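The chains referred to below are lettered A, B, ... by the order of the sequence lines, with proteins before strands, and numbering in each begins at 1. Predicted model, so just to flag it, every value in this text is computed and none were measured.
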Amino acid sequence: MIRMEDVGFSYESDKSGCLHGIDLYIPKGQCLLLTGVSGCGKTTVTRLINGLAPGFYEGRLTGSVKISGKDVQEWSSHELSGIVGSVFQNPRSQFFNVDTTSEIAFGCENIGLSRREIQDRVKKAAYDLNINQLLDRSIFSLSGGEKQMIAVACVYALNPDVYVLDEPSANLDSRAIENLAGVIRMLKNQGKTIVIAEHRLYYLKGIADRIVYIRDGKVLHDWMEPEFLALSHEERKEMGLRAYCLDLNMFYNNVGRHTEKANALEIKKLTAWYTRGQRVLEQIDFDAKKGEIIAIIGDNGQGKTTFAKCVCGLMKEKHGQLMLYNEELPYKKRAGRIYLVMQESGYQLFTESVESELHISFCKRSISPEEQTRDVKLLKDLQLNNKMQRHPLSLSGGEKQRLAVAAGILQDSQVMFFDEPTSGLDYQNMEQVSTLLQSLRDEGKTIFIITHDYEFLLSACDRVLKIENGMVADNYYITEKTVPKVQAFFQVATLIKGGISI
Amino acid sequence: MRQEKIRFDIEEQKIIKLRTVMKKTIQLDPRTKIAILILVNIIVLSPLDFGLEVLLTGLISLTMLYAGKPADAAKCVIQYTAILLLYMLVLKLPGMLAATFSVLFVVARKMFPVLMCAKILLYSRAGELIEGMQKIHITKKIVIALTIVLRFFPTIKEEFSCIREAMKIRGIALNVKNVLLHPAATTQYILVPMIQRLSVVSEELSAAAIARGIDSETKRTSYYQVRFGAQDALFLCLYLLLAVIIWLKRLGVI
């Protein structure tokens with residue numbers, strides 16, 4: 001179906017993601033998983049297949065990429081869009097239309113199908129993907145998972161032979177990932193050829209036929225699934241890969257840390273309403289100790305985000321009280337004292353250099369030498385010291401995140417919230433986030449993490465706060481006894497048994 | 001789950017309600033709506049006496065009602081009345097003040113009907129608007145550009161609220177005091193992340209669009225069918241009639 005012969009590609013503007021001497025033959029009906037650390041070139045492989053490189057992302061291509069025996073460059077763009085369907089990483093930026101139905105029909109309209117045909121295909125896509133309830137809605141009212149389903153539906157309506165997915169799970173929560181896995185399984189059963197570039201591997205267990213590991217633009221390993229399963233965890237970690245099998249206790253490493261007894265943050269009867277008068281948080285009582293890392297889990301729409309927003313001072317509560325080290329912290333004083341590292345930390349950076357980012361304020365003031373030495377030390381701790389003059393937005397994702405943390409430390413925030421800090425990260429970067437959190441904890445910060453990442457949660461967090469229905473559904477320390485509870489939430493058992501089905 | 005379900009139920013009811021309303025009345029053709037928007041633009045640009053202006057707003061409210069949005073229609077009528085009342089109040093002020101402020105309200109009065117028409121146009125789904133424009137042979141480039149514009153307003157809104165929150169967390173909150181005291185810095189802090197985000201979105205969006213065959217040479221088709229019916233003729237005639245009356249009046253015939 002897809003044949004790559006001695007393919008090399010280099011981007012015009014970007015050094016990372018180049019490919020050299022790729023030989024890859026993907027037969028019809030195979031589900032191929034491309035993996036490797038960030039910037040290894042796996043996304044570029046997907047772009048060569050859907051023609052976006054060099055068609056849209058300019059660069060130099062050598063060798064040949066053939067689909068159904070014909071060179072990708074020779075297919076006209078609309079013919080190709082009927083044969084290769086693409087789903088991308090970010091569910092927010094794939095939409096052309098404001099409403100879902102127009103969006104699903106969009107691809108079919110472009111290739112000039114008749115109205116009758118388009119209507120049938122939209123109906124079929126909605127039925128097969130089980131998203132009838134999402135038709136005729138505003139896309140802006142959907143959750144990330146629902147958006148990603150619409151993106152798949154849009155491609156599905158075109159009925160291509162090849163599906164190319166570039167990190168489709170990066171911005172999804174665990175339930176949405178289950179749905180996605182179900183859909184990929186269905187496509188496979190229909191005999192489609194599927195190419196997926198991913199960091200998060202576990203959800204493809206039992207679906208992927210073959211795993212290709214790319215490093216520095218070359219195919220380093222090419223396993224069939226049983227061979228990949230036979231790898232030890234150490235070998236996998238060595239290659240910088242996330243877990244493929246979620247074994248029972250493997251990620252859990254308890255070093256017995258909860259020694260501090262002092263309450264850092266006390267939340268009393270926190271209740272919040274939406275403007276429409278719906279109650280989203282009801283009487284939340286919670287105490288967080290100094291130097292704790294607390295994972296906030298719960299399905300989407302259950303109140304996790306609202307909880308974080310209230311505590312961080314971004315949303316006003318209806319009732320309730322917040323005490324920070326025994327001092328009452330009213331709504332207006334919270335923002336900044338309790339810090340939030342956003343999922344896309346790029347939003348939080350405003351100035352033109354890393355150095356000036358640390359001292360953002362409206363009033364210009366001079367920085368004393370002591371402050372300067374402190375800054376340098378802080379940036380060194382966060383491995384940003386050789387990037388002082390860089391523009392914050394030119395940094396990598398992980399670096400932006402660390403810079404946002406540095407700013408929080410300088411604001412003297414004692415409590416920090418992280419929103420999905422590991423979404424779309426490979427193993428090394430995930431480890432780095434863990435290390436960062438440990439060092440913050442050692443300095444006595446209290447950390448809350450909203451996360452859907454099972455592997456990360458078990459390896460980095462001390463405690464779990466589960467929010468359901470706007471209430472505290474569970475609240476426990478992670479010990480050997482409680483690990484099964486975490487697993488039950490992430491449905492690890494069903495995953496281990498071999499794959500997910502809808 | 002409960003909250004999710006409530007939200008879902010509300011949405012569901014909205015959809016059902018919308019569908020029943022749509023069945024009862026045949027929706028206006030997006031082309032008619034475009035024509036009305038252009039016509040109203042011309043009308044408000046010409047000198048207009050007070051009675052006719054009220055009549056025009058009334059007619060647009062009626063169109064809104066027909067489009068199945070009674071709540072919006074009511075809201076617009078109330079807002080318009082409020083603007084009129086304020087205008088009259090301002091006229092009572094002494095000399096200079098009245099002159100300066102009344103200009104503001106005159107502009108608001110003139111703009112209001114146009115905005116209402118734009119709102120009516122946006123009731124159509126994006127797909128219907130595209131088909132409407134395709135039918136009157138507007139080139140594909142313009143059609144696509146306009147679709148993206150429609151999509152970008154909600155995007156900007158979303159991004160803006162994110163940036164606002166980020167500013168608050170970083171201790172550079174966006175509030176009246178800071179805007180007045182440090183206008184340049186505030187603008188920078190909003191624009192830098194905004195432009196960066198929007199450029200990322202637009203690049204990814206272009207890639208997604210190309211992968212879905214947007215630059216194909218074949219003639220685009222449409223999921224939606226738009227038809228010019230009796231209701232379109234009726235509304236167009238009403239607006240034209242109003243325009244004719246206004247012009248005749250201006251020429252001194254009536």
S.K.: For chain A, which of B:Ala209, B:Pro154, B:Pro193, B:Gly171 has the most heavy-atom pairs under 4.5 Å?
M.R.: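 Most pairs with chain A among the choices: B:Pro154.
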S.K.: Relative to chain B, which segment of A:Leu52 carries a heavy atom at a distance below 4.5 Å: side chain, backbone, both, or neither?
M.R.: side chain
S.K.: Can any side-chain N or O of B:Gln27 pair as donor or acceptor with the backbone N or O of B:Ser124 at less than 3.5 Å?
M.R.: no
S.K.: Where does A:Gln343 contact chain B at under 4.5 Å (heavy atoms): side chain, backbone, both or neither?
M.R.: neither
S.K.: So what's closer than 4.5 Å to chain B heavy atoms on A:Phe95: side chain, backbone, both or neither?
M.R.: both
S.K.: Please flag which part of A:Cys108 lies under 4.5 Å from any non-hydrogen atom of chain B: side chain, backbone, both or neither.
M.R.: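 Looking at A:Cys108, just its backbone touches chain B.
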S.K.: If we check side-chain hydrogen bond (donor to acceptor under 3.5 Å, both in side chains) with B:Arg125, which of these qualifies: A:Thr101, A:Asn97, A:Asp136?
M.R.: A:Asp136
S.K.: Against chain B, work out which of A:Ser93, A:Gly51, A:Ser81 has the most heavy-atom pairs shorter than 4.5 Å and name it.
M.R.: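 Going by pairs under 4.5 Å, I would pick A:Ser93.
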S.K.: If I measure from the heavy atoms of chain A, does B:Leu191 come under 4.5 Å with its side chain, its backbone, both, or neither?
M.R.: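 When you check distances to chain A, no heavy atom of B:Leu191 falls under 4.5 Å.
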S.K.: With a 4.5 angstrom heavy-atom cut-off, is it the side chain or the backbone of A:Glu344 that approaches chain B, or both, or neither?
M.R.: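 A:Glu344 touches chain B through side-chain heavy atoms alone.
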S.K.: For a quick test of reading the model, state the closest non-hydrogen atom pair linking A:Gly303 to A:Ile467 and the distance between them.
M.R.: C-CG2, 4.1 Å
S.K.: If I measure from the heavy atoms of chain B, does A:Phe106 come under 4.5 Å with its side chain, its backbone, both, or neither?
M.R.: both
S.K.: Report yes or no: does A:Thr100 contribute a side-chain atom to a donor-acceptor pair with the main-chain N or O of A:Arg137 at less than 3.5 Å?
M.R.: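 Such a contact is found between A:Thr100 side chain and A:Arg137 backbone.
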S.K.: Select, from B:Lys219, B:Glu217, B:Glu158, the one with the greatest count of heavy-atom pairs under 4.5 Å involving chain A.
M.R.: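 Sorted descending by pairs with chain A, the first entry is B:Glu158.
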S.K.: With a 4.5 Å cut-off on heavy-atom pairs, point out which of A:Cys154, A:Gly85, A:Ser114, A:Ala105 contacts chain B the most.
M.R.: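 Winner by heavy-atom pair count: A:Cys154.
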S.K.: B:Gln196 versus chain A, heavy atoms under 4.5 Å apart: side chain, backbone, both or neither?
M.R.: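 The side chain, not the backbone.
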S.K.: Do any N or O atoms from the side chain of A:Glu109 and from the backbone of B:Tyr223 form a donor-acceptor pair under 3.5 angstrom?
M.R.: yes
S.K.: Check whether A:Gln411 gets within reach of chain B through its side chain, its backbone, both or neither, counting any heavy atom under 4.5 Å.
M.R.: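 Contact with chain B involves the side chain of A:Gln411 alone.
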S.K.: Quick check on B:Lys75: does its NZ atom have over 12 non-hydrogen neighbours (other residues, nucleotides or ligands) under 6.0 Å away?
M.R.: no
S.K.: Without hydrogens or angle criteria, can the side chains of A:Ser353 and A:Ser356 be said to hold a donor-acceptor pair below 3.5 Å?
M.R.: yes
S.K.: Assess whether a salt bridge exists between B:Arg212 and A:Glu103, defined as any Lys/Arg side-chain N lying under 4.0 Å from an Asp/Glu carboxylate O.
M.R.: yes
S.K.: Do the rings of A:Tyr163 and A:Tyr156 sit parallel, tilted or perpendicular, given the 30° and 60° boundaries?
M.R.: tilted
S.K.: Sort out for me which of A:Val98, A:Ile360, A:Thr351, A:Val122 touches chain B most, counting heavy-atom pairs under 4.5 Å.
M.R.: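 Counting heavy-atom pairs under 4.5 Å, the top option is A:Ile360.
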S.K.: With a 4.5 angstrom heavy-atom cut-off, which part of A:Ile338 approaches chain B: side chain, backbone, both or neither?
M.R.: backbone
S.K.: So, B:Thr155 versus B:Arg151: side-chain donor-acceptor pair below 3.5 Å or not?
M.R.: yes
S.K.: Side chain, backbone, both or neither: which part of B:Met167 has a heavy atom under 4.5 Å from chain A?
M.R.: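 Both parts, heavy atoms under 4.5 Å.
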S.K.: Do the side chain of B:Arg197 and the main chain of A:Tyr347 share a donor and acceptor less than 3.5 angstrom apart?
M.R.: no
S.K.: Heavy-atom pairs under 4.5 Å with chain A - which of B:Ala208, B:Ala211, B:Ala207, B:Ser206 has more of them than the others?
M.R.: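 When all of B:Ala208, B:Ala211, B:Ala207, B:Ser206 are compared, B:Ala207 has the most.
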S.K.: Please confirm whether the backbone N or O of A:Leu340 pairs with a side-chain atom of A:Gln348, one donor and one acceptor, at under 3.5 Å?
M.R.: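 Yes; at least one donor-acceptor contact below 3.5 Å.
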S.K.: May I ask you to name which of B:Ile163, B:Asn178, B:Ile148, B:Thr147 has the most heavy-atom pairs under 4.5 Å with chain A?
M.R.: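 Looking at each of B:Ile163, B:Asn178, B:Ile148, B:Thr147 in turn, B:Asn178 comes out on top.
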S.K.: For chain A, find which of B:Asp215, B:Leu150, B:Leu181, B:Ile214 contributes the most heavy-atom pairs closer than 4.5 angstrom.
M.R.: B:Ile214
S.K.: Looking at chain B, which one of A:Gly55, A:Gly112, A:Gly107, A:Ser76 has the largest number of heavy-atom pairs inside 4.5 Å, strictly under?
M.R.: A:Gly112
S.K.: Please look at B:Phe152 and chain A and tell me whether the side chain, the backbone, both or neither of the residue comes under 4.5 angstrom of a heavy atom of that chain.
M.R.: neither
S.K.: Please rank B:Gln225, B:Glu159, B:Lys168, B:Arg170 by heavy-atom pairs under 4.5 Å with chain A and give me the top one.
M.R.: B:Arg170
S.K.: If you measure from CG on A:Asn171 to CZ on A:Arg92, what distance do you get to the nearest 0.5 Å?
M.R.: 8.0 Å
S.K.: Could you look at A:Ala151 and say if it's the side chain, the backbone, both or neither that has a heavy atom under 4.5 Å from chain B?
M.R.: both
S.K.: State, without any angle test, whether B:Thr63 and B:Tyr239 hold a side-chain donor-acceptor pair at a distance under 3.5 Å.
M.R.: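 Their side chains do contain a donor-acceptor pair, which is all the 3.5 Å distance test asks for.
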